[in-house]
Protein chains: 2
Amino acid sequence: MTDIRAETAPGDGTPPGPSVRVARGRPRSAAADTAIIEAVLSLLEEGATIAELSMERIARAAGVGKATVYRRWAGKNALMLDVMKSVDEQTPRLAGRSVRDDLVTCVEFIRRRALVKRSSALLRNVIAQAQNEPELWAAYHDTVIAARRAQVGEVLRRGVRTGELRADIDPELLGDLFLGPMLSRSMLRPDAALPEGLSELIVDAVLQGVRAGN
Amino acid sequence: MTDIRAETAPGDGTPPGPSVRVARGRPRSAAADTAIIEAVLSLLEEGATIAELSMERIARAAGVGKATVYRRWAGKNALMLDVMKSVDEQTPRLAGRSVRDDLVTCVEFIRRRALVKRSSALLRNVIAQAQNEPELWAAYHDTVIAARRAQVGEVLRRGVRTGELRADIDPELLGDLFLGPMLSRSMLRPDAALPEGLSELIVDAVLQGVRAGN
DNA sequence: ACAATACGAAACGGTCCCGTATCGGAAATC
DNA sequence: GATTTCCGATACGGGACCGTTTCGTATTGT
C-alpha cells in the first residue's frame with residue numbers, strides 16, 4: 001500500500017537501509033531531483049514570489065512531469081524546505097589572526113552572497129513568507145542563519161576576551177552593529193551598490209566610531 | 001461612454017474640479033474606500049502575501065461588492081499603490097539641538113514603525129515583490145523611503161559640517177551604519193526584540209566605536 | 001523473459017479567481 | 001417625482017492550478 005520511497009524526500013537523510021526492502025525497478029532519477037530544485041531557484045531569481053510558484057509551473061520549468069514532483073514531495077512547502085537546504089553554503093573559514101580581520105571575513109561573506117541573485121532572492125522571499133509559514137522560517141533559520149550567527153558570536157566573544165572589543169555592549173547588539181549595515185543595504189535596498197572593500201570600511205568604522213576626532 | 005470618475009482613484013489628487021461636469025447621482029462612498037484599503041492592510045498583517053491576495057478576497061474582507069473595488073481601481077496593482085500611500089506617515093520632527101539626538105530620533109522612528117505590524121508586514125511584502133513589480137517598488141521608495149533618507153542625509157551633512165561626525169566616510173555608508181542595525185533587526189529577524197532605549201544604544205555605539213578603550 | 005518501478009504527457013473533477021454584467025434597492029441632484 | 005449614479009449581491013464564461021490517475025515507454029533487479 002504505502003511506498004516507502006514515496007515518503008522519502010531527497011536529502012532527508014534517510015537512505016534505504018539494509019533493513020528496508022531493497023529497491024527494485026527503475027530507480028529515481030537524480031537528474032530530476034536537481035532539475036526541479038534548480039527550476040525553483042531560477043524562477044525565484046527571475047523575480048517570482050514563492051506564492052506565485054505553482055507546482056505545474058515548477059514542473060514545466062524543470063522539464064519534468066507533474067507526477068514526478070509529487071512523487072518526491074508532498075507539496076510546495078516540503079519542496080521549499082529542500083530548496084533551502086540546497087543553498088546551505090558552509091560558513092567561511094576564519095583566519096583567526098585578528099578579530100578585526102575575522103569580522104571583515106564575516107561581513108564580506110554576506111556581501112558575496114548578496115551578489116548571488118539566487119541566494120538573495122530566496123532570502124527576500126522567505127522573509128516575506130516568514131509570518132505565514134513558521135516552519136519555513138524555522139528551516140531557513142536553522143540551515144542558514146544559526147550557523148553564521150554562532151560563528152560571529154564566537155568572534156565577538158573572543159574580541160571581548162582579548163580586549164579588542166568593548167565589554168559593555170550586549171553581544172547581540174554588537175553583532176547587529178557589524179552585520180546590520182551590510183544586511184540592510186543588500187536586502188532592503190535593491191538598488192544599492194556593494195563595491196569591493198565595503199566590508200573593511202564598515203568594520204573599521206564600527207570599530208573606530210564615526211565621531212570626529214576618534 | 002467613459003465615466004470620468006471611474007478612472008479617478010481615491011487619493012490620486014484629482015478631485016472633480018469646477019471645469020469637469022458636476023457630479024450627479026449617488027456619490028462614491030468614502031467608507032468603502034477606507035474599508036477596502038483597511039482590508040488589504042489587515043490581510044497583510046495576518047501574514048498573507050500580496051500575491052496571495054485576490055480581488056475577491058479583498059472585497060469579501062472589506063464587506064464590499066467586487067464591482068465596488070473595480071469601480072475604483074483598475075486592478076490589484078493600482079490598489080496596492082494607494083494602499084502604500086495610505087501608510088505614508090510624515091517624518092518625525094527633529095529637535096535640532098544635537099546631531100546625536102536627531103539621529104536617535106531617526107532610528108527610534110524606525111523602531112516604532114517596526115512595532116506597528118501593519119507597516120512592517122507591508123514593507124516585507126514590497127521588498128519581496130520589488131524585483132517583479134518595479135512600479136510598486138518605485139512608489140514605495142518615493143512615498144516612504146525617499147523622505148526619510150533625505151532627512152537623515154541632512155542630519156549627517158550637518159554633523160559633518162559642525163565637526164561632530166567624521167568627514168572621511170561616504171555619507172551613504174554613514175547612513176547605513178546608523179540605520180542598518182535597527183533596520184536589519186526589525187525587518188530580517190522576526191523573532192528579535194526591539195526594547196526601549198535600543199536607538200540610543202545604537203547611535204552612541206556607532207558614534208563612539210566599539211573598540212575597547214574608545 | 002518478467003516483475004517492479006520511474007518516466008513524461010495528458011486527462012480528470014474540483015476549486016478559486018478573473019473581469020464584466022445584471023439585478024433591485026439606496027442616495028444624491030435636478 | 002424623475003434621473004442619475006452608486007451600492008451589495010450574484011451570475012457569467014474563461015482560465016489557472018490543485019492533487020490524482022492513467023496512459024505508453026524506459027530502466028532496473030530477479
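Computed from a prediction, not measured in an experiment: that's the story for all the values here.
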Kindly state which residues belonging to residues 39-56 of chain A come within less than 4.0 angstrom of DNA chain C, counting heavy atoms of the residue only, listed by number.
none
Which residues share a side-chain contact (heavy atoms from CB on, under 4.5 Å) with [X], sequence neighbours left out:
X      : result
A:R60  : A:E56, A:R57
A:I145 : A:W137, A:Y140, A:H141, A:R149
A:D102 : A:L94, A:A95, A:V155, A:R158

Hey, what are the protein-to-nucleotides 24-28 of chain C N/O distances that come in under 3.5 Å?
| residue | atom | partner | partner atom | Å |
| --- | --- | --- | --- | --- |
| C:dG25 | N2 | B:R26 | NH1 | 3.2 |
| C:dA26 | N3 | B:R26 | NH1 | 3.2 |

Which residues in residues 57-68 of chain A have at least one heavy atom lying under 4.0 Å from any atom of DNA chain D?
A:R60, A:K66, A:A67
Whole-Å distance between [N] [atom2] and [X] [atom1]?
X     : N      : atom1 : atom2 : value
A:R72 : C:dT5  : CZ    : P     : 15 Å
B:R71 : D:dG8  : CZ    : P     : 8 Å
B:Y70 : C:dT20 : OH    : C1'   : 9 Å

Between [atom1] on residue [X] and [atom2] on residue [Y], distance to nearest 0.5 Å:
X      : Y      : atom1 : atom2 : value
B:R112 : B:S119 : CZ    : OG    : 12.5 Å
A:T105 : A:Q151 : OG1   : CD    : 8.5 Å
B:L103 : B:L165 : CG    : CG    : 6.5 Å
B:L81  : B:D142 : CG    : CG    : 10.0 Å

Taking all non-hydrogen atoms of both residues, which atom of B:A48 and which atom of A:N132 are closest, and how far apart?
CA-ND2, 3.8 Å
Should A:I50 and A:E133 be marked as a side-chain contact (heavy atoms from CB on, under 4.5 Å) after you check the CA-CA gap, both sets of side-chain angles, and the distance that decides it?
CA-CA 11 Å; A:I50 291 180; A:E133 311 283 355; over 6 Å; no
Is the number of heavy atoms from other residues, nucleotides or ligands within 6.0 Å of NZ (A:K117) greater than 12?
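Open: at most 12 neighbouring heavy atoms sit under 6.0 Å from NZ of A:K117.
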